[in-house]
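Here's the structure, in structure tokens; my notes come after.
Atoms within each ligand, like the ligands themselves, are counted from 1 in listed order. Predicted model, so just to flag it, every value in this text is computed and none were measured.
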Amino acid sequence: MTAPRAVIFDLDGTLTEPLLDFDEMRREIGIAPGLPILEALEGKDEAFRARAEVILRRHELDAIAAATLAEGCRELLALLAAQRIPTAILTRNVRDAVDAFVARFGFRFEAVYTRDDGPAKPSPHGARVLCEALGFPAAETLAVGDYKFDVIAARGAGCRTALVRHPPPDDLVDWGSPDLVVPSLWHLLPLWSGQAPER
Ligand SMILES: [Mg+2]
């Protein structure tokens with residue numbers, strides 16, 4: 001893969017270690033195990049969704065307050081900044097959680113798209129908006145995530161895709177057939193540094 005000219009990152013489990021306990025969130029909200037939470041809420045009435053949103057936000061903000069960075073996160077973001085590669089965050093999380101993350105770790109992203117901004121992943125809408133904001137064609141933009149919705153959303157927008165997951169899932173077709181599958185963000189450094197990862 002030639003060096004992407006812009007990068008879109010998922011937040012939870014990609015830039016940070018996985019923190020959100022989705023099973024506990026579903027239990028507390030009162031939705032069936034296994035279903036994606038935002039989609040499960042679509043069929044519920046307004047009062048249920050409002051109460052669920054309060055629970056989600058509490059979990060999301062608590063998670064950021066306790067977040068630790070994923071392996072290679074700081075190094076990869078530093079390399080991209082040094083090479084003036086613009087970066088963005090695309091998340092199903094809320095804007096306040098992204099703001100707290102950026103403030104806590106002192107990072108800078110050119111653009112952010114959250115579920116407060118429009119349809120969430122796996123819709124490709126956010127990826128399209130961010131490609132436009134970053135100023136490069138989707139085909140020259142790499143989207144990095146740890147879940148199939150990340151890959152499916154980015155592919156729908158025409159981006160290149162990297163799945164950060166160890167071990168890799170068995171059925172990559174079901175996961176949107178990512179262009180790259182890597183065990184950590186460390187393994188993306190060579191795309192821009194031209195060197196093999198040091199560990
Ligand atoms: Mg994630």
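Electrostatic pairing of D10 and K121 counts as a salt bridge here, judged by a charged N lying under 4.0 Å from a carboxylate O. The pair R27-E24 counts as a salt bridge, with a side-chain nitrogen and a carboxylate oxygen less than 4.0 angstrom apart. Between R92 and E39 a salt bridge is recorded (basic side-chain N to carboxylate O distance below 4.0 Å).
When distances from the Mg ion (ligand 1) to the N, O or S atoms of D12 are compared, O comes out shortest. The N, O or S atom of D146 lying closest to the Mg ion (ligand 1) is OD1. Note on D10: its N/O/S atom closest to the Mg ion (ligand 1) is OD2.
The Mg ion (ligand 1) has no N, O or S atom of D150 closer than 2.8 Å.
Residues F149 and L38 fail the side-chain proximity criterion, which asks for heavy atoms closer than 4.5 Å.
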